[in-house]
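Below is one structure, written out as structure tokens; the observations come after it.
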Amino acid sequence: MLPTTLTDTFLQLVRLGVGAETDGQLGDCTHIDWIALEALAARQGLSAIVLDGLDKVPPSSFDMPRMMKRQWIGRVVQGYEYRFDLYCRAIAEMAAFYRDHGFKMMVLKGYACALNWPKPEHRPSGDIDIWQFGQYREADAALASEKGISVDSSHHHHTVFYWGDFMVENHYDFINVHHHKSNAEYEKILKKLGEDDSFSVGLYGEKVYLPSPNLHVLFLLKHSVSHFASGTISLRQLLDWGFFVKVHSTEINWQMVQEVVAQFGMEHMLEIFNRICVEDLGFAKDLFPEFGCNPLLKNKVLNEILSPEFTGKTPASVIPRIIFRYRRWRSNEWKHQICYKESMWSAFWSGVWNHLLKPSSI
């Protein structure tokens, strides 16, 4: 568990950085470990957001060395803002290639989420996730034959290739249908919503398709819940959720969403995500559907996000890696109970089958 003063300061700066209404006071910052704070912000994918928060506080309110702040600014400019421009250009180039070959390209997660942030360039730019309306095989073949790009098909639910310096995941399924039995039914809902091509944005003169709000709300929730159940997530993913709801709340069919999450056992996590966004990240309560989760459980989830209980590097050799993953799986039992309806053992055997189908995933 991280020191309370550090986490309190971090969350206050995040709230300031996202533009939440606060008193602007950081309290006693005399003993703040700024190196530890910057490391925490980096781990959570929020270096730029915390820096935005610092910019809203008078320098006299804290004792951060000026040189450290200048270096922090430099890392944000280089690692966030400059990279985001390259990221957008890569997406536009891909969209142009696919357009020329008769394919539509929808961008999931990263870029689609960044558009909802107050400063899109202050969201970390990672992989590029795309959906091609069921034509991934033809699109991958065109990519390989005309650009000589190697396409890796050894992964579940997407192929992988590199466009310049960016790894691209070309989804043929939105989620891994083999990971849990219920995922196949959830995938059917996503695939139906994924037929909608009425949402798009212009990027460097190219048309880039975006998920509909109803597709994105279910996809973002499932993606975050799945990652939390099997490992952990970052506060950046919670900000993705909060900013998405802030921008698209009135476009979301919340009755449908609540019915789906109840069907698949995710209602607790929906309520927890909403509660963290409101109580800890400063989003307005009226943006979200009502939530009534146990505050102790919410705090447990938040603490796990900020300081995961089970940590360690996955071993390289097969047997130690299997043992490591089994221990991690057992330690995550409490998470599974609030993320899925299936039993742990049902999920275990689904996971075994999942790895047998794709041995490289072991």
Side-chain angles (χ1 to χ4, degrees), residues 106 108-109 112-113 129 131 133-134 156-158 171-196 199 211-233 237-238 240-242 244-245 248-278 287-295 297-298 300-301 304-305 329 332-354 357:
M106 178 190 291
L108 307 169
K109 294 189 294 184
C113 289
D129 292 79
W131 161 254
F133 300 89
H156 282 296
H157 74 281
H158 58 71
H171 289 248
Y172 50 85
D173 289 327
F174 288 95
I175 60 176
N176 185 348
V177 298
H178 305 291
H179 197 267
H180 282 75
K181 287 183 178 180
S182 61
N183 280 8
E185 290 302 312
Y186 200 94
E187 177 68 20
K188 291 179 182 178
I189 298 172
L190 297 180
K191 284 270 177 58
K192 184 63 178 177
L193 293 170
E195 296 173 2
D196 187 348
F199 293 84
S212 69
N214 287 325
L215 168 60
H216 217 184
V217 69
L218 292 179
F219 179 62
L220 281 180
L221 183 63
K222 184 65 172 177
H223 182 262
S224 297
V225 165
S226 298
H227 276 274
F228 180 76
S230 61
T232 190
I233 58 175
Q237 288 165 280
L238 269 293
D240 280 343
W241 176 257
F244 169 78
V245 173
H248 297 286
S249 184
T250 59
E251 304 168 77
I252 298 170
N253 182 343
W254 283 112
Q255 180 178 347
M256 179 274 292
V257 171
Q258 290 175 313
E259 290 173 355
V260 171
V261 298
Q263 177 185 349
F264 291 93
M266 299 188 299
E267 62 270 32
H268 296 297
M269 290 304 291
L270 173 62
E271 292 179 345
I272 288 169
F273 284 0
N274 291 344
R275 191 163 192 149
I276 290 174
C277 283
V278 172
L287 295 172
F288 302 85
E290 289 195 16
F291 44 83
C293 66
N294 183 332
L297 182 59
K298 187 273 293 188
K300 185 175 183 179
V301 170
E304 173 66 14
I305 293 171
W329 176 76
N332 287 334
E333 183 173 2
W334 70 274
K335 299 181 190 179
H336 190 278
Q337 293 173 354
I338 59 174
C339 293
Y340 295 100
K341 278 193 171 179
E342 292 105 316
S343 70
M344 281 286 287
W345 284 106
S346 172
F348 176 81
W349 292 115
S350 294
V352 169
W353 179 243
N354 175 57
L357 289 172

When rounded to the nearest 0.5 Å, the distance separating NE2 of His158 from CG of Asp173 is 10.5 Å
Closest non-hydrogen atoms of Leu190 and Leu215, given as atom of the first, atom of the second and distance, are O-CD1, 3.7 Å
Step-by-step side chain to side chain contact (heavy atoms under 4.5 Å, CB included) determination, Phe244 to Asp240: CA-CA 6 Å; Phe244 169 78; Asp240 280 343; over 6 Å; no
Taken to the nearest 0.5 Å, the spacing of Ile338 CD1 from Met266 CE works out to 12.5 Å
task = Could you check if a side-chain atom of His171 sits within less than 4.5 angstrom of a side-chain atom of His157, using non-hydrogen atoms only?
result = yes
>> Evaluate Ser224 against Trp241 for side chain to side chain contact (heavy atoms under 4.5 Å, CB included), listing each step before the verdict.
In response: CA-CA 9 Å; Ser224 297; Trp241 176 257; over 6 Å; no
Do Lys341 and Ser182 have side-chain heavy atoms sitting under 4.5 Å apart?
-> no
Does the Lys NZ or Arg CZ of Lys222 fall within the cation-pi geometry relative to Tyr186 - under 6.0 Å from the ring centre and within 45° of the axis?
yes
Requested in this report: Using a strict 4.0 Å threshold on nitrogen-to-oxygen distance, state whether Lys191 and Glu187 make a salt bridge.
Outcome: yes
Shortest non-hydrogen pair, Gly194 vs Met106, comes out as O-CE, 4.3 Å
Rounding to 0.5 Å, atoms OG1 (Thr232) and CD1 (Ile305) come to a distance of 6.0 Å
CD of Glu333 to NE2 of His336, rounded to nearest 0.5 Å, is 9.0 Å
Closest non-hydrogen contact found for Met269 with Cys339 is CG-SG, 3.7 Å
Is there a side-chain contact between Leu220 and Phe273 (heavy atoms, below 4.5 Å)?
no
When Asp129, Leu108, Leu193 are each screened for side chain to side chain contact (heavy atoms under 4.5 Å, CB included) with Phe219, the one that passes is Leu108
The reported gap from OH in Tyr340 to OG in Ser226 (rounded to nearest 0.5 angstrom) is 3.5 Å
**Message:** Between Gln237 and His223, is there a side-chain heavy-atom distance shorter than 4.5 Å?
**Reply:** yes
Check: Sub-3.5 Å donor-acceptor pair from the side chain of Asn253 to the main-chain atoms of Asn214, do we have one?
Finding: no
Could you tell me if the ring centre of His248 sits under 6.0 Å from that of His216?
no
Check your understanding: Less than 4.5 Å apart, any side-chain heavy atom of Trp131 and any of Pro211?
Key -> no
- With the side chain counted from C-beta on, respond yes when Ile189 and Phe174 share a heavy-atom pair under 4.5 Å apart, and no when they do not. no
Non-hydrogen side-chain atoms of Phe288 and Leu270 separated by less than 4.5 Å:
no
Are side-chain heavy atoms of Leu218 and Met256 found at a separation under 4.5 Å? yes
